[in-house]
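In what follows, a structure is listed as structure tokens, so that the remarks can point back to it.
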Amino acid sequence: MKNRQVLVHLTEAGKGETAMRNVEHLLEEFGDDVAAEVVANGDGVKVLLITGPYGDEVRALAEAGVRFAVCAHSCRARGFTREDFPRVVTVVPSGVGEIVRREAEGFAYIRP
Amino acid sequence: MKNRQVLVHLTEAGKGETAMRNVEHLLEEFGDDVAAEVVANGDGVKVLLITGPYGDEVRALAEAGVRFAVCAHSCRARGFTREDFPRVVTVVPSGVGEIVRREAEGFAYIRP
Amino acid sequence: MKNRQVLVHLTEAGKGETAMRNVEHLLEEFGDDVAAEVVANGDGVKVLLITGPYGDEVRALAEAGVRFAVCAHSCRARGFTREDFPRVVTVVPSGVGEIVRREAEGFAYIRP
């Protein structure tokens, strides 16, 4: 297990840049010793769209071990489907459910 | 004790709808196995006003076991009293104090 | 060790007043029994500038035992240096790194 575990909660479209920089700085500081996951819900899911400005960065960070999850409720409400996101992004039944599970596992929570 | 414990921090008036959906999805996902509490402070307290759009929903969720708390400091600063909220809403001395206590008890924290 | 530990994450310039009131209420409620730290990153660092409206209050709270930290990445990106903040403010390599460490130590997380 990684010594550091952290969940970044991305819930506003305007917080995409900050969330990406947060993840970058966490990798820079903790290297291989951090398990990082970005959970997007609400309008935050828009940040991870394949057509969005972060498609390439999401793929690169996923290769570096970062997990990305989008909330199925939030996608449905906005007409997005699985195909609207890079393959490395996981669709979870509920963003808040995912957050609760991770915090119970000991993940630190950060809300940009 | 419930296996899942979660606190939703409602601190902006514009986050009422998201907070209500979060709670709804938590109940949907974890059912009877979740203890959920909404703590409102700052302008977030306005969401829970008896005259607000969520009066009925707050009562229904409270019957389903969800707790609602508003910060006394925030109420005083806005001229609200106990009577301005549905009976199921508890007025706590300090919203941040309530949050700190719940997190220490193991509640996951979610900030819509 | 203090029985209560809490980290206030200040990441928006407009949240300065709320963050200061949060800290004030935590001291009022828990007195000497709380270890409180404000970690500022993003535009939140502007709140703690020596020329800002909270210079005096930051110094007073620091004397009361509150810690203040600003993110070096966020300062560099905005052209701020160590001298732009009151002496009681610590510059940490990364705001998110500081947050992850504190939560792992058991600090409750509050995001105004």
Side-chain angles (χ1 to χ4, degrees), chain A residues 4-19 22-23 26 35-48 67-80 90-112, chain B residues 1-44 47 54 57 61 64-68 95-96 98-112:
Chain A
R4 302 289 176 186
Q5 297 175 298
V6 55
L7 184 148
V8 176
H9 182 194
L10 175 54
T11 191
E12 297 176 6
K15 291 292 186 177
E17 181 64 18
T18 305
N22 287 351
V23 170
L26 288 165
E37 177 166 343
V38 176
V39 177
N41 69 353
D43 278 341
V45 302
K46 295 179 184 172
V47 173
L48 302 184
R67 283 174 294 204
F68 290 89
V70 290
C71 172
H73 293 293
S74 308
C75 290
R76 262 196 304 275
R78 288 159 184 80
F80 301 141
T90 303
V91 180
V92 293
S94 148
V96 286
E98 178 78 1
I99 293 171
V100 168
R101 278 196 194 86
R102 292 303 185 198
E103 288 195 58
E105 289 169 20
F107 277 62
Y109 174 91
I110 291 179
R111 162 69 159 81
Chain B
M1 204 184 79
K2 311 278 190 179
N3 274 309
R4 303 289 175 185
Q5 298 173 298
V6 55
L7 183 147
V8 177
H9 181 195
L10 175 53
T11 190
E12 296 176 7
K15 291 291 186 178
E17 181 63 20
T18 305
M20 292 297 165
R21 271 349 104 220
N22 286 352
V23 170
E24 183 190 25
H25 295 151
L26 288 165
L27 293 180
E28 196 179 306
E29 182 145 358
F30 300 118
D32 280 347
D33 205 27
V34 66
E37 177 167 343
V38 177
V39 176
N41 69 354
D43 277 341
V47 173
Y54 299 105
E57 189 168 1
L61 287 170
V66 179
R67 283 174 294 205
F68 290 89
V96 287
E98 178 78 1
I99 293 171
V100 167
R101 278 196 193 87
R102 291 304 185 197
E103 288 195 58
E105 287 170 21
F107 276 60
Y109 174 94
I110 292 179
R111 162 69 158 84

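Here the structure is a predicted model, which is why all the values come from computation and not from measurement. Quick note on labels: first sequence line is chain A, next is B, and so on, each numbered from 1.
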Those residues of residues 5-14 of chain A, ordered by number, that approach chain B below 4.5 Å (heavy atom to heavy atom) = A:His9, A:Thr11, A:Glu12
Segment of A:Arg101 engaging chain B (4.5 angstrom heavy-atom cut-off) = both
Do you know which two heavy atoms are closest between A:Glu103 and B:Ala108, and how far apart they sit?
-> OE1-CA, 3.6 Å
Smallest separation among heavy atoms of A:Ser94 and B:Glu29, with atom names | CB-OE1, 2.9 Å
Determine yes or no for a side-chain-to-main-chain donor-acceptor pair under 3.5 angstrom, with A:Tyr109 supplying the side chain and B:Arg111 the backbone.
-> yes
Should the ring pair B:His25 and A:His73 be called parallel, tilted or perpendicular, given that the plane angle runs from 0 to 90° and is split at 30 and 60?
-> parallel
Once you round to the nearest 0.5 Å, how far does CD1 of A:Ile99 lie from CG of B:Asn22?
-> 7.5 Å
